[in-house]
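Shown next, in structure tokens, is the structure this report addresses.
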Amino acid sequence: MIRCDDVKVAIVGATKGMGRALARELVGRGDAVCVLGRDAGELERSAADLRVRAATAAGGTPGDGHDRVATALCDLEDPDGFDAALQAAHDRLGGLDTVVVTAAMFATQDALEADPVLLRRLLTVDFTHTVLLCEAARRRLLARGGGTLCVFSSVAGDRGRKPVVLYGAAKAGISAYMEGVDHRYHAAGLRTVCIKPGFVRTGMTAGLPAPPFAGEPEAVARRVADALRRGTPVIYAPAPWRWVMLVIRWLPRWVMRRVGF
Ligand SMILES: NC(=O)c1ccc[n+]([C@@H]2O[C@H](COP(=O)([O-])OP(=O)(O)OC[C@H]3O[C@@H](n4cnc5c(N)ncnc54)[C@H](OP(=O)(O)O)[C@@H]3O)[C@@H](O)[C@H]2O)c1
């Protein structure tokens, strides 16, 4: 069990992409991190990397990182395992005050329209199961008097758009859920942080054409780590996407029907 009085964070989906960059950023800032994911081998590889970084951040030898990094199995496709996964993170960190859900599925609009089974799976993982996991985390954080719940939504949820109708619908649901939870439980001590990435170069976007303002996971991670400290309810990352989406949200429907983005 980890024994330290610092921030204790569980991150679901930290073996790759923005989740991995965030875990690295947080251990670099001295937080204790439990990496949750579905593949035991990937988890151990991530933990080994994080322990070296944690030890370096603490100015010690590599072995020191063992007391700041833990792992636990959690598959977003298996909601029956969510409570046990969070309990394992709590036990291994010696407490839990922040839960971050960054894991999700992505598929193109064409692929989802062509495959109802894939569509059902994505909608289930990216909305229903993500909300169930957040609800398990919310109950746990409120029971200890408060904490921070952070979820990665997407700019795709801000407006119905031709290339991301279905994935965007799931993310719109997540953004609405996070706003509602903020309104309902802020006074009880729960801080909600909804991350809305624009285009970020990770495995999820590999092979897709990068638009202007595409970002890197490390820069996003720094923004997210700051938002976790401040309890900022909504952040766009990279930052320019806030202004891009402000414009897109105000475009009239007849324009949205004609344009392709
Ligand atoms: N990249 C972008 O441009 C972009 C834009 C908008 C929003 N987002 C959102 O930002 C978040 C992070 O995206 P990313 O680009 O960093 O993704 P990524 O590089 O594909 O990484 C996804 C992570 O989620 C994990 N994961 C996937 N399915 C899982 C499951 N069933 N159970 C547990 N873990 C699972 C993966 O673990 P495995 O190793 O097991 O696969 C991996 O660690 C996602 O919510 C995504 O929708 C991304």
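Keep in mind the model is a prediction, meaning the values are calculated, not measured. Both ligands and their constituent atoms are indexed starting at 1 by order of listing.
Heavy atoms of Pro217 found under 4.0 angstrom from ligand 1: none, in either backbone or side chain. Residue-level proximity to ligand 1 for Ala156 is absent, since no heavy atom of it falls below 4.0 angstrom. When non-hydrogen atoms are compared, ligand 1 lies under 4.0 Å from the side chain of Tyr167 (C-beta onward) but not from its backbone. Contacts between Met105 and ligand 1 below 4.0 angstrom, taking non-hydrogen atoms only, are absent altogether. At a heavy-atom cutoff of 4.0 Å, ligand 1 is contacted by no atom of Asp39, backbone or side chain.
Shown are Asp126, Leu132, Val131; of these, the side-chain contact (heavy atoms from CB on, under 4.5 Å) with His129 is made only by Leu132.
Note: no N/O pair closer than 3.5 Å links Ser154 and ligand 1 by distance alone. Geometrically, ligand 1 and Val200 share a nitrogen or oxygen pair separated by less than 3.5 Å.
Residue Lys171 places a heavy atom under 4.0 Å from ligand 1.
Shown here, atom 22 (C) of ligand 1 is out of close reach of the protein: none of its heavy atoms lies under 4.0 Å off.
Interface atoms of ligand 1 facing Phe199, defined by a heavy-atom separation under 4.0 Å, are 3 (O). Interface atoms of ligand 1 facing Gly203, defined by a heavy-atom separation under 4.0 Å, are 19 (O). Counting atoms of ligand 1 from 1 in the listed order, those under 4.0 Å from a heavy atom of Gly13 are 23 (C), 24 (O), 25 (C), 43 (O). Of all the atoms in ligand 1, the ones that sit under 4.0 Å from a non-hydrogen atom of Thr205 are 1 (N), 2 (C), 3 (O). Which parts of ligand 1 touch Phe152 is read off a 4.0 Å heavy-atom cut-off, strictly below it: atoms 10 (O), 11 (C), 45 (O). Every atom of ligand 1 with a heavy atom of Leu76 under 4.0 Å away is listed here by number and element: 30 (C), 31 (N), 32 (N), 33 (C). Remark: ligand 1 atoms within the under-4.0 Å shell around heavy atoms of Cys74 are 32 (N), 33 (C). Those atoms of ligand 1 with a heavy atom of Glu77 less than 4.0 angstrom away are 31 (N).
Closest to atom 5 (C) of ligand 1, if we only count protein heavy atoms, is Gly198 O, 2.9 Å. Residue, atom and distance of the protein heavy atom nearest to atom 12 (C) of ligand 1 are Thr102 OG1, 3.2 Å. Protein heavy atom closest to atom 9 (C) of ligand 1, with residue, atom name and distance, is Ser153 O, 3.7 Å. With respect to atom 48 (C) of ligand 1, the closest heavy atom belonging to the protein is Met18 CE, 3.4 Å. In terms of protein heavy atoms, atom 19 (O) of ligand 1 is closest to Gly17 CA, 3.3 Å. Of all protein heavy atoms, the one closest to atom 31 (N) of ligand 1 is Asp75 OD1, 3.0 Å. When only non-hydrogen protein atoms are considered, atom 17 (O) of ligand 1 lies nearest to Met204 CE, 3.6 Å. Of the protein's non-hydrogen atoms, Ala103 CB, 3.6 Å is the one closest to atom 26 (N) of ligand 1.
Asp49 has no carboxylate O lying under 4.0 Å from a charged side-chain N of Arg45, or vice versa, which leaves the two without a salt bridge. A salt bridge does not link Asp31 with Lys8: none of the charged nitrogens is closer than 4.0 Å to a carboxylate oxygen. A salt bridge is absent between Glu218 and Arg24: the closest approach of a Lys/Arg side-chain nitrogen to an acidic carboxylate oxygen does not fall below 4.0 angstrom. Under a 4.0 Å N-O distance rule, the pair Arg140/Asp97 does not qualify as a salt bridge. Between Glu25 and Arg20 there is no salt bridge, since no side-chain nitrogen of the basic residue lies less than 4.0 Å from a carboxylate oxygen of the acidic one.
Aromatic pair Tyr167/Phe106: centroids less than 6.0 angstrom apart.
With distances taken over non-hydrogen atoms, the option nearest atom 15 (O) of ligand 1 out of Thr202, Leu22, Val125 is Thr202. In this comparison of Leu133, Leu36, Thr15, Val12, the heavy atom closest to atom 42 (C) of ligand 1 sits on Thr15.
Judged by distance alone, the side chains of Ser46 and Thr15 never bring a donor and an acceptor atom under 3.5 Å apart. A donor and an acceptor atom, one from each side chain of Gln87 and Asp91, are located under 3.5 Å apart. Side chains of Asp158 and Tyr236: a donor-acceptor N/O pair is present below 3.5 angstrom, by distance only.
No continuous path of ILVMFWY side-chain contacts below 4.5 Å connects Val155 to Trp243, so the two sit in separate hydrophobic clusters. The cluster map of Ile, Leu, Val, Met, Phe, Trp and Tyr, joined by side-chain heavy atoms under 4.5 Å apart, puts Val244 and Val255 in the same cluster.
Under the 3.5 Å distance criterion, the side-chain polar atoms of Thr232 are left unmatched by any main-chain donor or acceptor of Val234. The backbone N or O of Ala156 lies less than 3.5 Å from no partner atom in the side chain of Lys196, so there is not a single donor-acceptor pair. The backbone N or O of Val69 lies less than 3.5 Å from a partner atom in the side chain of Arg51, making a donor-acceptor pair.
Few gaps surround CZ on Arg144; more than 12 heavy atoms of other groups in view lie less than 6.0 Å from it.
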